[in-house]
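The next block holds one structure in the form of structure tokens; read it before the comments.
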Amino acid sequence: HVYLIVGRLISENEGNLENLVIGLGGGGLLTFIYHHLKDLKMTVVEIDPEIVKVAENYFDVVEDEKRLKVVVDDGLKYLKAENDRPYHSIIFDCDSKDQSLGNNIQQLL
């Protein structure tokens, strides 16, 4: 996570583009970004609605209409559907048990 944050910090944000995070988990990365990079607007896509509930109930992840939106959807399908939308950064913080997906990512997009 350190390298994701540093990479985001050293890149310039042209305009007010949104940042996309694929994968929520407990929300540790998201919470850090939200509290320490206050100028960032983020959309987070999580495939499992139960994970969203856990993040909200136990790790204090709270949606904020100005800075943070959580979407329950398949991250790759969401990205494909939003392919014309510009993002300043896209962070993949997700896990897949299907090892073949890493080799075929271009086919999925």
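Only a predicted model underlies this, so the values are computations on that prediction, with no experimental measurement involved.
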**Asked** Quick one: side chain to side chain contact (heavy atoms under 4.5 Å, CB included) partners of K77, sequence neighbours excluded?
**Response**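 Only D74 meet the side chain to side chain contact (heavy atoms under 4.5 Å, CB included) criterion with K77.
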
Closest approach of [X] to [Y] (non-hydrogen atoms, all atoms of both residues):
{"X": "G75", "Y": "V45", "result": "CA-CG1, 3.7 Å"}
{"X": "V44", "Y": "L68", "result": "CG2-CD1, 3.8 Å"}
{"X": "S89", "Y": "N19", "result": "OG-OD1, 2.6 Å"}

**Request:** Could you go through the side-chain contact (heavy atoms from CB on, under 4.5 Å) check for L40 and Y34 one step at a time?
**Result:** CA-CA 7 Å; L40 294 186; Y34 184 81; over 6 Å; no

**Prompt:** Any chain of hydrophobic side-chain contacts (each under 4.5 Å) joining Y78 to I47?
**Reply:** no

**Message:** E63: which residues meet the salt bridge (Lys or Arg N to Asp or Glu O under 4.0 Å) condition with it, sequence neighbours left out?
**Reply:** none

**Inter-residue atom distance F92.CZ - I22.CD1, 0.5 Å rounding** =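 Between F92 CZ and I22 CD1, I get 5.5 Å after rounding to 0.5 Å.
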
**Asked** About how many Å separate CZ of R85 and CG of L20, when rounded to the nearest 0.5 Å?
**Response** 8.5 Å

**Prompt:** Do L29 and I91 have side-chain heavy atoms sitting under 4.5 Å apart?
**Reply:** yes

**Asked** Just by distance, do the side chain of R67 and the backbone of M42 share a donor-acceptor pair under 3.5 Å?
**Response** no

Could you list the donor-acceptor pairs under 3.5 angstrom formed between side-chain atoms of residues 50-60 and any protein atom two or more places apart in sequence or on another chain?
| unit_1 | atom_1 | unit_2 | atom_2 | d |
| --- | --- | --- | --- | --- |
| E50 | OE2 | K53 | NZ | 3.3 |
| N57 | ND2 | K53 | O | 3.2 |

